[in-house]
Structure formats: C-alpha cells, structure tokens
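Structure, as structure tokens:
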There are 2 protein chains.
Amino acid sequence: MQKILDLPTPCLVLDLDRFESNLNKMTSWVRDCGLGLRPHAKTHKCVEIARRQLQKGALGICVATVAEAEVMARAGIRGLLITGEMVGEPKISRLIRIVLQAPDTMVVVDNEANVQDLQRAAESASVEISLLIDLDIGQNRTGVQPGEPALRLAERIARCKNLELKGLCAYAGHVAHVTGFQARRESSREALAKAVATRDLLSKNGHRMEILSAASTGTYNIDPNIAGITELQAGSYVFMDVEYRGIGGQSGAVYDDFAPALCVLGTVVHRSGGKAIVDAGLKAFSTDRAFGPELLDITGIKYEFAGDEHGRLVLQHPSREILLGDKLRFIIPHCDPTVNLYDRIHCVREELVEDVWSIMERASGSSYF
Amino acid sequence: MQKILDLPTPCLVLDLDRFESNLNKMTSWVRDCGLGLRPHAKTHKCVEIARRQLQKGALGICVATVAEAEVMARAGIRGLLITGEMVGEPKISRLIRIVLQAPDTMVVVDNEANVQDLQRAAESASVEISLLIDLDIGQNRTGVQPGEPALRLAERIARCKNLELKGLCAYAGHVAHVTGFQARRESSREALAKAVATRDLLSKNGHRMEILSAASTGTYNIDPNIAGITELQAGSYVFMDVEYRGIGGQSGAVYDDFAPALCVLGTVVHRSGGKAIVDAGLKAFSTDRAFGPELLDITGIKYEFAGDEHGRLVLQHPSREILLGDKLRFIIPHCDPTVNLYDRIHCVREELVEDVWSIMERASGSSYF
C-alpha cells in the first residue's frame, strides 16, 4: 500500500477516520432531529463520497451545476437536487437528459421565462421535471423574492403540465459564515422566517410544499429548530476548512463540531534563513478568503502565497524543525473551491493511502497537477 | 461547426486571431533582438499551444512542475526547462523518466543537497541531467543568492559527472507586474544586474554559461537590452489578463502590446433590478488579485464574486442591455491560475468554435466543469 510520504505533491489528502466521524456525526444529528439530509456535493464533486452519504441514509445529493448532476446521475446517484438555475442552452437540454436517466431529479427555478422554457423542453421530451422555487432570503444572488413574487411563480408552475412543484429551496449563503453562534442563530432565524412564511402562503393557496430545503454546515444545529424545515443541505462538514473553524461553535471560539479531515500535502522545495518554500501555491489552494492555509499539527509558522506554484512559510517560532524535502499538511482556507483544483482525493489512514477517489471523474487522466 | 453561443458555460474561449497575433508579435520581436524564446507553459499547460510556439521558432518550452514536464515530454515537446526545483521523491524519479524520454530537458537547482540527490539518481539511471542554477534576484522565493553562493553551487555541480551546468535561470517575479514602464525598467535592470554579475563570476571561474534565462511578459521589451541575457521565458503574452493590462505600456496607461485573447464565457442565470447573476464565480476565475474580471466590449458594469458558482454584475451604466440567458465574455484577472481551473480551451474565430485544446490532457474526461 502506498505511503503518504510517497504521494506526488501538491495533492489532497483525506483523513478517513476524521471523514467517517464527520459523516456519522451529521447523520445521527439529522436523524435525531427527525429531518432529512441531502448533503451538497459542490463541496466534494466526488461520486465515492456521495455514495457514502447515501449509504448513511441521506435522502439524495445536492449539486450546484449541470456537470455535477451529470457525473452523479451517470454513477447511479439518485435524489439529486440541482441548486443552480438551469437557464438557456445547452443547460436545459443537458437537464432533460439527466431527468431521463434519473427521473427524481429536482431543479430550482426563480423566473417565469425559465419555467416556460423548462415546460417546453419537458413536454417535447415527454418527461416531468420536479421543481423547487429558489428563494432569495437575503443573499442577494439568485432566487425569487419571498411572499407574493414566489406565489406568482408557483401559480405559473401550476399551469405547466410537465412541471411539478415540490417545495422551496432557501439557502442563506450570507448566514453560513457569520461569526459567533448567537449572531449566526439570529441571522438564520431572520432569513428562514421569510422562507417559512412563504411556504405557509403557498400551502394556503393550494401549492404542495413537500420540501423546504435549507441550512449549511454553519447552521446545521440551528435550522432544525425552525418549524417547517424538512431537510438540510450542508456540504462542508465532510471536510471542514480554516474558514468554518473560525466562525465559532456553540461553546467556544473554534467551531470543532466536525474535524478538519481534508488537507493539502506539500513538499519543502527550498529552505534558507527564516523561510521555507513549499510547492503549494495559488494553484494548490483557493485564494478567495482573506486568510491562508494553516499547518496541521505545527504551530509558529505563517503561510504566505508566493506565486502560482509556491507558498512561503515564515518560520516565526516553529514548533518543530522544518527541513528541505519535508512533507507538510495544510488545513485548507476554503474547501469547496480548493477541491475543485484537483483531480483526485488520496484517502489515508495513519500513514497509508487506502484509496484514491476521483473528482468529477477527472482522475481517469494520466497526469498529476 | 459549433457556435460560441452553444458552448456550456462557464468555459474558456480563446480568440484565435488575437492569439496568433500575440504569438507572431513576440516571435518577431525576439528574433529581431537576436535572442531565444523559451515561453513558459505554466500559463497554458497546453500541448497544442506549446507546439505552435515551437513552430514559430521557440527554442523550447519552460514548465513549472514535473507534471507539466511529463505532459509536454509525452507529447514530443523538446527543449524543456523545468523552472521549479525537483526536490525529494517522487519528483526526482519522475524527472529521471522525463530525461530518459527527452534527454535535452533542463532543470533548475538552488541547493547542494539537491544536487547530490540528482547526481545519485542520474548515475543510477545512467543519464546526464542538464542544470541551470536558479538565482534569487529579489523575489525572496526559491533560488540561491547571486555571487559567491552561486559559485559554490556551480563548483559542487562541476564535481558531479552526471550533471551538466548550462547556465542560470533568473526570473524576477517581483518585477513582472511593477506598474509604469520606467519603474519596471529600473526594477528589472537592478534585479538582472545581479544575474549578469553572477554569470561573469562563474564564467571567469571556468563554468560554462551558455544560457541566461530571464524576463516575463512585463519585461519582454526591457530585458533584451541587458547584455548577457540569452533567452526570454515570457508566458502570459499568449493570453493576457486584467493584471497585465493594468501595468502600463511604454506609451500609455494600458499595456496593450499584446491583445486580450482569452476570456471566460458566462451565462446570465438571474436578472432582477440593477443586478444580473452569471454562472461564473470563484470556481471559474482565480481570485488571487485585488480586482475581478472585466467584461469584454461592455462598459458600465462591475463584477463581484458571489460564491463558488456565481458572479454578481452590478449594472451601473451598462453600455448595452443585459438579459436573462445572455452569454457574456470576461477578461480574466490573472490568466495562469484561471486556466488551471479548466480542462479545455475553446478556440474561436468570429462566432464559431474552430477547435478544442486540452489542458494538462484533462479534456479526455467526459464532463464539463
């Protein structure tokens, strides 16, 4: 079996013990709440992980893009919810092919013209498409406004014989990373109150509201207390990252409900004076946050981005000596866009590589990044 | 032939007319200077582009990583210079396999222990490895210090019978994006003076200095005037990006010596009030710069990142109407790490897709990102 130290760097390394513990913790939490879990695969883009989530009892899998939906549908994953609007071509044609393969696939809508396009495509392919209305509950991104605008959209959908409205999707992206448990709880309650009120309005008007999908890893222990939520769409809990660790937990400054399971492994390729250079730079980590990677299990070192293929470690008070050729593990600033940079995930237990999982089926290629 | 408007978004779109004009301009400039060009493939990671650069007379191709070297060597690209240190395993074993396949491959070194490891591996495989000494001329990243430290390293290499020193690699990453032509020229002259002095010192001590590789797209018209430079390793000129356009040219605030040839194509998936949401977010653009993407050919719109899969267009004074379903082209903030996010480049002329080129051979996979 391959050893971690033999892996080509930079690469993704998943600690299977931690990963499994994260899966188990979320599974039993959601079950105890009497809710459903449809975890978001935009985090991992990985069929092997989606399978494990379903084996643990997930209702299905959320995906953000049509390409993610294709990869999952082709692999036999069912219960898909596409959380991004499928607008225009070729997205709608690709959606139809997915629905033919996986008829229980749901997709969000927020626009009457798009509803009309979906109806036309569904009718022409003789399929039925299940929809959730995407609500803008404060993120100012996609989604129809709650209340009357959502009701009008539901009425439009009800007139389409090939479309079936299943409920609402109310993702509060602006809430997920609010620092401090109390502040996050308040934000989430405020945002989701709009979703619950909209659900009530639509129900009262005769629209079936089987599903109200909400929550993130940041609010998994907040939103179940809001009456009306039927399922959670958390994603990052499988891996965790520096960002989520910083938002604070219910009882402490570090949010450690889930363990940091995913790291980038890098090699020290230069060592001089008070610095070490690793082979993991801004093609190895996403850079969308104000903070950088953090070393796992070593303190007193600050990581600075130093170009596409390099990171500079400023050795302030390193808790161990850093030598040329050392392989170091870094906790990722933001997991989703970092995973997207790679073709494969190396699954490790202790110091051995137990498995290699493909990201978006890209690992069939022959080259390491 | 496929139309641009039929492409799945987000995707990379390369304007072939502009790309070819960029290739031609750099080619004739370098030829007129009487210098060599070994363009950097860290920008494009694409065999098809490397081939075109060689057809235009490039001496070879620079690569940053062992994986890039493998992809290029396997495709028959020769004259490779690996500009990153090959430290430890499995990098050294992979390097040996590349050298067996492409014996003229060169690699940089900055450390005596690494030289020793390379000698051991080369001897054991009965190959000879060509080296350039990587000089730190101000970037504070990799590289040995100029002057005496470089001389000591050259002496160490000279004692290794399977290693051949070819010269110096003096990349001034801190200079490439200095704003203002005069300031950039001063910075580059200051940095490269150290490289030239080191070359003279090593020559005087009997070390063969056939190559002094330097320059970037930002200094392609500065460094050829510095006596001693033998070849340029510019990369970004093939595509250009928002960052390079902002550094200023020899006669103007916009650096337009090369045309912005590469764009990300996105679709408007939501339209309401003064905003439009496109399907190109922080998985579609690298975010390592302080500025975001810019719309090609449309003014009065500000792009804001709005999550992994979304960008928000703030419609300030848009020079044309923006409608749901519109396909828009964005100039990329920083080309190298953005190209790295994709599997393929769609090559277009007018409104048609003439060709599709694979990035790192990843396009053999079946899915679009």
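Each chain gets a letter, A, B and so on, in the order the sequences are listed, and its residues count up from 1.
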* **Main-chain N/O of B:D343 paired with A:R362 side-chain donor or acceptor, under 3.5 Å** => no
* Asked: Which one, A:V144, A:D136, A:L324, A:D117, leads in non-hydrogen pairs under 4.5 Å with chain B?
  -> A:L324
* To do: Working to the nearest 0.5 Å, report the span between CD of A:Q139 and CZ of B:R312.
  => 7.5 Å
* Asked: How far does NE2 of B:H270 sit from CZ of A:R141, to the nearest 0.5 angstrom?
  -> 11.0 Å
* Structure fact -> If one checks every heavy atom of B:S272 against chain A at 4.5 Å, the contacting part turns out to be neither
* Point-to-point distance, once rounded to the nearest 0.5 Å, from OG1 of B:T267 to CD of A:E89 -> 10.5 Å
* Which region of A:D279, side chain (C-beta onward) or backbone (N, CA, C, O), has a non-hydrogen atom less than 4.5 Å from a non-hydrogen atom of chain B, or is it both or neither? -> side chain
* **A:E85, part contacting chain B, at a heavy-atom distance under 4.5 Å** => both
* Asked: Can you tell me if B:T9 and A:K91 form a side-chain donor-acceptor pair at under 3.5 Å?
  -> yes
* Top contributor to chain B contacts, counting heavy-atom pairs under 4.5 Å, from A:G325, A:P90, A:G311, A:S286 -> A:P90
* To do: With a 4.5 Å cut-off on heavy-atom pairs, point out which of B:G84, B:A113, B:G143 contacts chain A the most.
  => B:G143
* To do: Take A:K283 and B:D336, measure what side chain to side chain contact (heavy atoms under 4.5 Å, CB included) needs, and give me the verdict at the end.
  => CA-CA 9 Å; A:K283 286 179 182 172; B:D336 302 23; 4.2 Å; yes
* Examine whether an atom of B:K42 lies under 4.5 Å from a heavy atom of chain A, and if so say whether it belongs to the side chain, the backbone or both; otherwise answer neither. => both
* Structure fact -> Correct closest heavy-atom pair for A:T142 and B:I277 would be CG2-CG2, 3.9 Å
* Should B:D308 and A:H334 count as side-chain neighbours, where that means a heavy-atom distance under 4.5 Å? -> yes
* Asked: Can you say whether A:D288 sits under 4.5 Å from chain B via the side chain, the backbone, both, or neither, judging by heavy atoms?
  -> both
* Asked: Any idea which of B:G88, B:A306, B:G307 has the most non-hydrogen atom pairs under 4.5 angstrom with chain A?
  -> B:A306
* **Contact origin within A:N140 toward chain B - heavy atom pairs under 4.5 Å** => both
* Shortest non-hydrogen contact between B:L341 and A:L341, atoms and distance -> CD2-CD2, 3.4 Å
* Select one option (side chain, backbone, both, neither) describing which atoms of B:L282 are under 4.5 Å from chain A's heavy atoms. => both
* **Interchain contact, A:N111 with chain B, by part (heavy-atom threshold 4.5 Å)** => side chain
